[in-house]
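Right, one structure below, let's go through it.
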Amino acid sequence: MRIAYLINDMYGIGGTVRTVANQAAALSARHEVEIVSVFRHRAEPVLPVPAQVSLRPLVDIRQQDDRPTGVDGRPLYEGSERAGLPPLLFPVEDGRGDTHSRLTDDRLEEYLATTDADVVVGTRPGLNVVIARAAPGRVLKVGQEHLTYEQHSEELRRVMAAEYPNLDAFVTVTEADARTYAARMPLPGVRLLSIPNSVPAPPFTVNGHDTRTIVSAGRLAPSKRHDLLVQAFSMVSEEFPDWTLRIYGRGSRRGALGRLVGSLGLQDQVWLMGPHPRVEEAWAQGAFAAVTSSEEPFGMTIVEAMRSGLPVVSTDCPHGPASIIRDREDGLLVPNRSVSGIAEGLAQLMGDDELRRRMSAAALTDSERFDPANVVRLHEELFFDLAGVGAPPSPAPVLPVPRPEQAASCRVEAGPDGVTVLSFGSPEGHVVGRIPERVVLTKPGRRVEVLPESDGRFLVDAARTGTEGPREDRPRGLVTGVWQVLRVDEGMEAPVRDVEIHQHGFPLSPARTRELSLVIPTRSAKGRLVLHVRRAEHHAEISHVEVADGLVTVQGRLLGRHRPDARARLVVRLRTSPQTRREFPSAVAAGGEFTAVIDPELVVRGREGDSEKWEMRVILSDGTEHTVGRHLSGVVGYKKIIRYAPLKVRPERGLGTRVRPYYTVNDRLGLLTAPLAPSLPVDRVRARPMGRHGDLLYVEVVLGTPLPEDTSFALEVVRGAGAGQRYPLEVMPAQPGSQGGRLVGTLPLLDHEDVRGRSLSRTSWQLRLKAGPAGALAKLGAGAVPDQTARRWSHGAYVRSATVSPTGSGDLRVTVADVHVVAAINRRIH
């Protein structure tokens with residue numbers, strides 16, 4: 001059969017994207033399968049689409065920032081005026097209705113009218129409605145539900161009830177949701193059934209090994225309730241101080257979760273990792289998984305974790321978890337929305353190694369029922385039954401079911417010995433791609449060649465790989481930093497892109513690690529293989545950093561050190577001038593443990609108001625220097641993962657200084673100092689169009705107190721056209737009767753063009769007020785200013801308005817809109 005899937009954006013990442021990839025890959029073993037993505041926001045999908053499945057985007061929305069807009073701010077994608085008009089075919093009641101337009105209607109209608117598919121499958125209510133309204137009678141119309149009945153608005157459910165009877169079949173992912181639809185939205189003549197999502201076996205599994213790591217993955221959205229997970233972990237973190245919680249994903253709750261982690265002082269134990277393109281690699285880092293959603297249509301992450309060999313602690317929420325987890329056999333079901341219940345479940349698995357291993361084995365066995373080989377047959381039976389023909393015989397049990405993506409051409413394995421192995425053949429020894437002649441590792445100013453071993457593998461050992469120069473007496477090995485990986489074939493060099501990364505044995509124990517010599521593989525932003533080398537002859541591994549009571553406390557352990565040193569000290573020295581240094585006592589115990597307390601006032605004394613970076617070293621009484629950082633977890637990029645709170649140092653005169661511990665690009669611990677912005681209340685901010693056609697913005701800032709002397713002010717563009725540009729604000733005399741200061745400035749409209757006859761044009765920027773000494777401006781918060789709107793004639797029948805409103809971060813959002821007066825009056829009347 002020819003089978004087509006309609007999805008909103010196959011180029012993103014999420015449960016529906018993974019589900020469609022799994023279904024398409026499994027069906028493509030015996031059918032022609034196509035995925036039709038309404039939108040394309042990047043060059044290549046985050047999750048690779050298998051070669052045997054065709055991918056067709058309908059509307060290209062890349063490079064959208066500077067586009068003119070239409071109704072309700074719709075960007076004019078592909079330069080089409082139709083993109084600026086609200087849709088008629090796609091229901092605006094759908095949660096993605098504001099991103100659709102007449103242009104997407106046109107492309108969807110054209111596709112459905114010309115497709116040669118036997119079956120077209122929709123993957124969200126809006127697309128199911130499109131199929132029901134526009135697909136020709138010769139096509140079998142199947143709608144899929146990836147949420148639940150209760151998660152849709154009443155307005156959308158009314159549209160679904162009116163249009164879904166035109167479908168041939170409607171499929172939910174749980175029997176409970178199918179029963180809900182049968183009771184609350186009867187669909188006469190429509191085949192209603194449930195088919196669970198499928199998850200293929202990952203390339204490698206774990207067995208409950210003792211990583212002391214809890215993994216959670218998914219969108220950082222309100223319904224996922226990661227806040228409950230963080231609060232529950234805080235209740236047991238002191239009892240299990242060597243455990244960490246890693247949360248993978250992106251979403252609207254990222255900032256709030258970061259603030260919650262900071263308020264609980266859990267920066268060293270709860271890490272917000274960001275999204276991961278291959279989540280099975282993240283599962284392999286864990287001892288067990290945690291899912292704390294308040295509602296879960298199915299629970300893809302639960303199945304994925306189980307297929308990787310992880311037991312799961314999950315809230316018993318509607319509808320999915322109870323249909324997947326066998327309580328106390330392959331995981332734990334805990335009360336929904338209960339912090340104490342979640343904490344109890346976490347503690348039970350954290351404290352019982354044997355229970356984790358037993359549940360791990362059960363999770364692997366029980367989750368096989370979700371293998372595509374088992375689930376795909378249910379889809380086939382449905383499609384053939386709708387077509388009125390018998391399904392072909394089941395494939396032989398030995399027939400392999402394709403994974404969503406082909407086997408990686410390069411498998412990377414990083415073990416606890418610090419050596420990373422690159423293999424360009426399959427696990428069974430069959431070559432997936434050509435083994436390169438050699439591998440080249442490069443970083444600015446350095447180049448190292450690695451030749452294959454006798455078995456075709458490439459071994460990268462930080463201590464032994466390459467030489468640092470032509471002279472034989474120079475030390476061998478790679479230096480700390482990020483190394484790009486190139487493969488050489490017939491003399492041609494190319495990046496290594498298609499990789500599968502397996503890390504095992506992390507985190508390493510500081511007590512059992514003698515020296516720092518690690519090679520940690522990751523992907524670059526462009527998907528290329530890079531190797532992070534962490535190497536030091538003497539190293540101090542950080543275990544805890546606490547910012548409290550005006551002091552910074554640093555705790556850690558010296559690797560390979562088993563002698564006390566009462567005269568050791570922690571040295572904080574200026575990176576640009578190492579002779580500028582501050583020393584703090586840091587006695588080392590017999591096992592290598594140390595604690596140092598840093599007084600920020602001593603660090604910045606005589607350098608108040610400067611923006612500077614300071615590095616740290618533990619120096620023993622014999623002069624031996626130890627680097628200070630966090631490396632043994634096997635994680636890189638702490639600069640984005642861990643954010644410590646700043647301390648404010650305020651001298652008697654002049655500007656103060658903000659001092660904050662931070663991690664460098666190489667994950668070493670340091671201090672950042674920056675000037676404090678004057679503590680000035682912002683009473684009002686007003687922006688009004690000015691100039692002949694309103695092509696300038698006049699900005700006025702009214703402060704609640706007099707302006708300090710020798711202070712400069714500016715307005716910086718944080719987001720939108722012209723991001724990064726800074727415009728000075730001029731200090732003006734206070735208005736009569738006012739004690740506060742006044743600032744004014746003029747900004748160009750940052751590439752925001754005149755409408756010239758268009759019905760509506762709308763653009764927004766995020767702006768930041770900055771204040772401080774010239775050359776070292778700091779953020780001046782404006783979170784309490786009231787909304788202000790100013791208007792003026794632009795030209796003809798158009799009025800240009802400028803609206804200023806505060807954001808939660810203390811920045812300002814400025815929105816400029818052009819409105820046709822007659823059209824606006826008609827909307828008000830009608």
Side-chain angles (χ1 to χ4, degrees), residues 273-274 410 412-422 438-451 458-471 474-488 493-497 499 501 503 506-508 513 515-542 556 559 573-576 578 613-618 625-642 661-672:
M273 306 293 294
C410 177
V412 185
E413 187 173 2
D417 57 359
V419 178
T420 287
V421 180
L422 279 60
R438 61 188 181 276
V439 166
V440 176
L441 311 179
T442 67
K443 69 187 305 289
R446 298 179 186 272
R447 178 184 175 92
V448 172
E449 293 189 355
V450 183
L451 298 177
F458 294 80
L459 274 58
V460 182
D461 185 338
R464 299 195 176 113
T465 299
T467 58
E468 301 304 325
R471 289 166 43 191
R474 293 193 176 185
R476 296 176 60 83
L478 302 174
V479 298
T480 291
V482 181
W483 293 79
Q484 309 296 321
V485 182
L486 305 174
R487 57 177 295 157
V488 182
E493 296 182 356
V496 178
R497 298 177 182 272
V499 297
I501 298 174
Q503 287 180 258
F506 292 92
L508 305 180
T513 305
E515 63 178 12
L516 181 65
S517 180
L518 296 176
V519 179
I520 303 173
T522 66
R523 297 176 184 81
S524 71
K526 295 183 178 180
R528 298 174 179 178
L529 175 65
V530 295
L531 301 178
H532 296 257
V533 173
R534 302 291 182 256
R535 187 166 178 237
E537 185 176 359
H538 305 288
H539 175 68
E541 181 74 5
I542 294 298
L559 302 187
R573 62 192 183 196
L574 197 60
R575 287 182 58 182
T576 57
K613 294 181 178 179
W614 302 72
E615 62 183 16
M616 296 184 189
R617 295 287 189 273
V618 173
E625 287 195 12
H626 290 69
T627 58
V628 178
R630 189 186 290 268
H631 305 302
L632 301 187
S633 65
V635 171
V636 297
Y638 284 107
K639 188 174 184 177
K640 295 182 178 180
I641 295 171
I642 298 178
Y662 84 110
Y663 288 97
T664 70
V665 293
N666 291 324
D667 298 317
R668 291 180 177 172
L669 187 65
L671 291 178
L672 279 176

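Here, residue 1 is the first one in the sequence, and each next residue gets the next number.
The side-chain heavy atoms of V460 and L478, taken from C-beta on, include a pair separated by under 4.5 Å. Using a 4.5 Å heavy-atom threshold, the side chains of I501 and R523 count as touching. Here the side chains of M273 and V635 are in contact, with some heavy-atom distance below 4.5 Å. Within the 4.5 Å cutoff, side-chain heavy atoms of L518 are placed close to those of L508.
Residues H631 and I520 approach most closely at O-CD1, 4.1 Å, considering heavy atoms. Shown here for V530 and V482, the closest heavy-atom pair between the two residues is CB-CG1, 4.1 Å. The shortest non-hydrogen separation linking A463 to S517 is N-OG, 3.4 Å. The nearest pair of heavy atoms linking I542 to Y663 is CG2-OH, 3.7 Å. The heavy-atom pair separating W483 from V533 by the smallest distance is CD1-CG2, 3.4 Å.
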Problem - Criterion side chain to side chain contact (heavy atoms under 4.5 Å, CB included) on D461 and D417, from CA distance to verdict - result: CA-CA 9 Å; D461 185 338; D417 57 359; over 6 Å; no
Exercise for the section: For side chain to side chain contact (heavy atoms under 4.5 Å, CB included), just list the numbers for L459 and R464, CA-CA rounded to whole Å, side-chain angles, deciding distance to a tenth of an Å, and then say yes or no. Expected result: CA-CA 10 Å; L459 274 58; R464 299 195 176 113; over 6 Å; no
Practice task
Please lay out, stage by stage, how V485 and R528 fare under the test side chain to side chain contact (heavy atoms under 4.5 Å, CB included).
Solution key: CA-CA 8 Å; V485 182; R528 298 174 179 178; over 6 Å; no
Handout entry: From CA spacing to verdict: side chain to side chain contact (heavy atoms under 4.5 Å, CB included), V665, K639
Key = CA-CA 7 Å; V665 293; K639 188 174 184 177; 4.2 Å; yes
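Side-chain atoms of T420 come within 3.5 Å of backbone atoms of V519 as a donor-acceptor pair (strictly under, hydrogens ignored).
When each of L531, V496, L422, V499 is checked for a side chain to side chain contact (heavy atoms under 4.5 Å, CB included) with P521, only L531 meets the rule. Residue H626 forms a side chain to side chain contact (heavy atoms under 4.5 Å, CB included) with just one option from H539, H538, E537, E541, and that option is H538.
Put simply, CG on L632 and CG on D667 are 11.0 Å apart, with the number rounded to the nearest 0.5 Å. The distance from atom CG of L559 to atom CG of L516, rounded to the nearest 0.5 Å, is 6.5 Å. Here the CE-CG distance, from M616 to L671, works out to 3.5 Å after rounding to the nearest 0.5 Å.
Applying the side-chain contact (heavy atoms from CB on, under 4.5 Å) test to E449 and every residue at least two apart in sequence or in another chain returns R438, V440, R447. Applying the side-chain contact (heavy atoms from CB on, under 4.5 Å) criterion to T664, with sequence neighbours excluded, gives Y662, N666, R668. Not counting sequence neighbours, the partners of F458 by the ring-ring contact (aromatic ring centres under 6.0 Å, His included) test are F424.
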